[in-house]
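When reading the values below, keep in mind they use all heavy atoms of this one structure, side chains included, and skip hydrogens, waters and symmetry mates. Sequence lines set the chain letters: A, B, ... in the order given, protein chains first and strands last, and positions in each chain run from 1. All figures in this text were calculated on a predicted structure; none of them were measured in a lab.
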Protein chains: 2
Amino acid sequence: MSDFKAKPPVGIEPTGASKQGDSLYQLIRDDIISGRLQPNERLVVADLALRHDTSTNPVREALQLLRGEGFVVISPNRGARVRPIDQNFVRDIYEIGVLIEPALTRWFVGMATPEDIAQLEKVQAEIEENNFADPLRHSELDTRFHTIMYERHYNQHAAELWWKHREVLRAVSRRYNFTLARRAQVLREHRQLIQFIKDGEAEKAAALVAQHVEGSGRHVLEQMRAAEAARAG
Amino acid sequence: MSDFKAKPPVGIEPTGASKQGDSLYQLIRDDIISGRLQPNERLVVADLALRHDTSTNPVREALQLLRGEGFVVISPNRGARVRPIDQNFVRDIYEIGVLIEPALTRWFVGMATPEDIAQLEKVQAEIEENNFADPLRHSELDTRFHTIMYERHYNQHAAELWWKHREVLRAVSRRYNFTLARRAQVLREHRQLIQFIKDGEAEKAAALVAQHVEGSGRHVLEQMRAAEAARAG
DNA sequence: CTGGATCAGATTGTACATTATTGGACACAG
DNA sequence: CTGTGTCCAATAATGTACAATCTGATCCAG
């Protein structure tokens with residue numbers, strides 16, 4: 001799990017949880033992401049407290065946080081369950097990304113310094129070097145790539161929203177591989193994006209990002225559908 | 001306060017709070033919205049528990065929820081405070097609205113039934129009849145108008161996001177009046193919007209909504225700035 | 001097979017112990 | 001006399017233990 005970590009953008013609203021509450025949040029979240037906790041599985045407060053050697057209040061707090069991020073569903077008097085991350089859920093999140101990310105990108109193009117671009121190229125070089133050999137590493141690098149663009153945006157709310165969604169999507173896509181076609185396209189789009197940023201082509205960059213996010217969403221959804229069909233068939 | 005209520009869209013994710021937790025959430029939220037609780041005021045768990053005649057756990061739960069909605073800021077070991085809803089905060093939220101609402105609208109135009117349109121026209125008639133005489137009523141009607149358009153959207157996430165933001169903005173704009181210019185514009189845009197929907201002009205409707213939201217944001221921000229200047233001067 | 005009493009299991013609420021922060025008193029150096 | 005730093009106590013957040021309440025399922029009676 002530790003190699004799944006990615007640094008959040010600077011200045012993102014902290015969880016506001018206490019030490020134990022926060023680490024519990026991390027632990028349970030990792031259990032969900034890694035699949036150790038099944039979709040729809042009940043999350044019994046007392047059990048979790050026992051397992052993580054603490055008491056119930058920190059667990060409740062962590063569950064509330066996870067609910068906020070979309071990893072857990074809570075219903076009154078019936079407790080918490082692992083949210084089954086289904087196709088609708090993923091589609092919803094991607095669609096919001098398609099709306100928001102281009103706007104963040106457009107702003108970045110107007111603000112990018114040579115250092116920013118150097119950073120992007122460095123990360124892109126690492127992505128190309130890794131060339132999807134280590135999927136987790138790719139996921140982390142790709143997230144870093146986009147974080148560079150978004151983290152200094154004045155609209156912290158939008159950036160935070162993007163980050164939350166990103167985390168969920170990483171949790172999902174972790175289960176699948178990239179098709180060859182998609183690999184090529186990701187590299188191509190990143191390169192092209194850097195070029196547009198260099199040229200100050202804000203509109204083109206924004207349009208490209210929209211396409212990039214949309215393609216990414218479509219790709220994951222197709223994988224999910226395929227896996228679904230395989231399970232059923 | 002009770003006349004400030006507006007019905008949330010159907011199928012919005014429930015808070016997941018228990019009975020007491022949920023009502024506490026409502027109470028504290030109303031106190032923040034109405035200004036009975038000052039910006040940055042500390043929210044002491046024990047006090048709140050006492051005041052609302054309950055114990056600390058439900059209060060903690062309610063505060064977590066309020067944090068999720070953006071009404072409260074929590075920092076570890078230092079407790080919760082009323083979030084000062086400043087201009088940046090409002091601008092951030094409006095900008096996200098400008099990105100999301102047109103997309104929701106576009107879809108609605110393709111799906112609207114004659115009943116939907118009749119509903120919109122009915123609400124619009126009430127808005128015109130009220131003609132901003134009762135600002136709270138206007139706020140509620142205006143919210144209903146947009147809810148009709150968005151609440152059945154397949155992207156429940158986007159709709160929920162919109163609703164949360166809407167609630168915050170209502171909390172803010174409650175403190176201000178509409179300028180005459182803005183009143184006229186709101187009415188004009190609503191009428192035009194209905195016409196576009198009738199004609200199935202999805203793109204035009206989306207563009208108009210973008211303009212509508214942007215104008216609304218600008219209006220509120222100007223009011224805030226004016227109030228700020230008045231305080232300072 | 002239906003329907004309601006019953007009961008185990010879990011959530012929710014209460015009381016309290018522990019631990020962290022904060023502001024102020026006080027001593028001391030400049 | 002003023003500014004600085006340390007210690008301490010008040011205050012409040014956080015964690016623990018437990019009581020109360022709710023839910024869902026099981027198991028009979030009809």
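In the 5' to 3' direction, nucleotides of DNA chain C lying under 4.0 Å from heavy atoms of chain B begin and end at C:dT12 to C:dT22. Here the range on DNA chain D touched by chain A, meaning any atom under 4.0 Å from one of its heavy atoms, is D:dT14 to D:dG24.
Scored by the side chain to side chain contact (heavy atoms under 4.5 Å, CB included) test, A:Ala159 finds no partners at all (sequence neighbours excluded). With sequence neighbours excluded, the residues forming a side chain to side chain contact (heavy atoms under 4.5 Å, CB included) with A:His165 are A:Ile93, A:Ile96, A:Leu161, listed by chain and number. The side chain to side chain contact (heavy atoms under 4.5 Å, CB included) test applied to B:Asn88 returns B:Asp86, B:Arg91, not counting sequence neighbours. By the side-chain hydrogen bond (donor to acceptor under 3.5 Å, both in side chains) test, A:Gln64 pairs with no residue at all, sequence neighbours left out. Among residues two or more places apart in sequence or in another chain, the side-chain hydrogen bond (donor to acceptor under 3.5 Å, both in side chains) test is passed with A:Asp22 by A:Thr15. For the salt bridge (charged side-chain N to carboxylate O under 4.0 Å, His left out) test, no residue two or more places apart in sequence or in another chain qualifies with B:Arg81.
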Name each donor-acceptor pair under 3.5 Å that joins a side chain in residues 101-109 of chain B to protein atoms two or more places apart or in another chain, with its distance.
| from | atom 1 | to | atom 2 | distance (Å) |
| --- | --- | --- | --- | --- |
| B:Glu101 | OE1 | B:Tyr150 | OH | 2.6 |
| B:Glu101 | OE2 | B:Trp162 | NE1 | 3.1 |
| B:Thr105 | OG1 | B:Glu101 | O | 2.9 |
| B:Arg106 | NE | B:Glu203 | OE1 | 3.4 |
| B:Arg106 | NE | B:Glu203 | OE2 | 3.0 |

Which atom pairs, donor and acceptor, lie under 3.5 Å between side-chain atoms of residues 217-233 of chain B and protein residues at least two apart or in another chain?
| from | atom 1 | to | atom 2 | distance (Å) |
| --- | --- | --- | --- | --- |
| B:Arg218 | NH2 | B:Glu214 | OE2 | 3.2 |
| B:His219 | NE2 | B:Thr179 | N | 3.3 |
| B:His219 | NE2 | B:Thr179 | OG1 | 3.4 |
| B:His219 | NE2 | B:Gln223 | NE2 | 3.2 |
| B:Gln223 | NE2 | B:Asn177 | O | 2.2 |
| B:Arg225 | NE | B:Gln87 | OE1 | 3.3 |
| B:Glu228 | OE1 | B:Arg231 | NH2 | 3.3 |

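Map A:Arg78 and A:Gln20 each onto its nearest nucleotide of DNA chain D; the residue landing nearer the 5' end is A:Gln20.
For the residue pair B:Ser139 and B:Arg174, no side-chain donor N or O sits within less than 3.5 Å of a side-chain acceptor on the partner.
Less than 4.0 Å separates DNA chain C from at least one heavy atom of each of the following residues of residues 41-56 of chain B: B:Thr54, B:Ser55.
Using a 4.0 Å heavy-atom criterion, one finds that B:Asn57 contacts the bases of the nucleic acid, with or without backbone contacts as well.
Applying the salt bridge (Lys or Arg N to Asp or Glu O under 4.0 Å) test to every pair with at least one member in residues 37-51 of chain B, sequence neighbours left out, gives no pairs at all.
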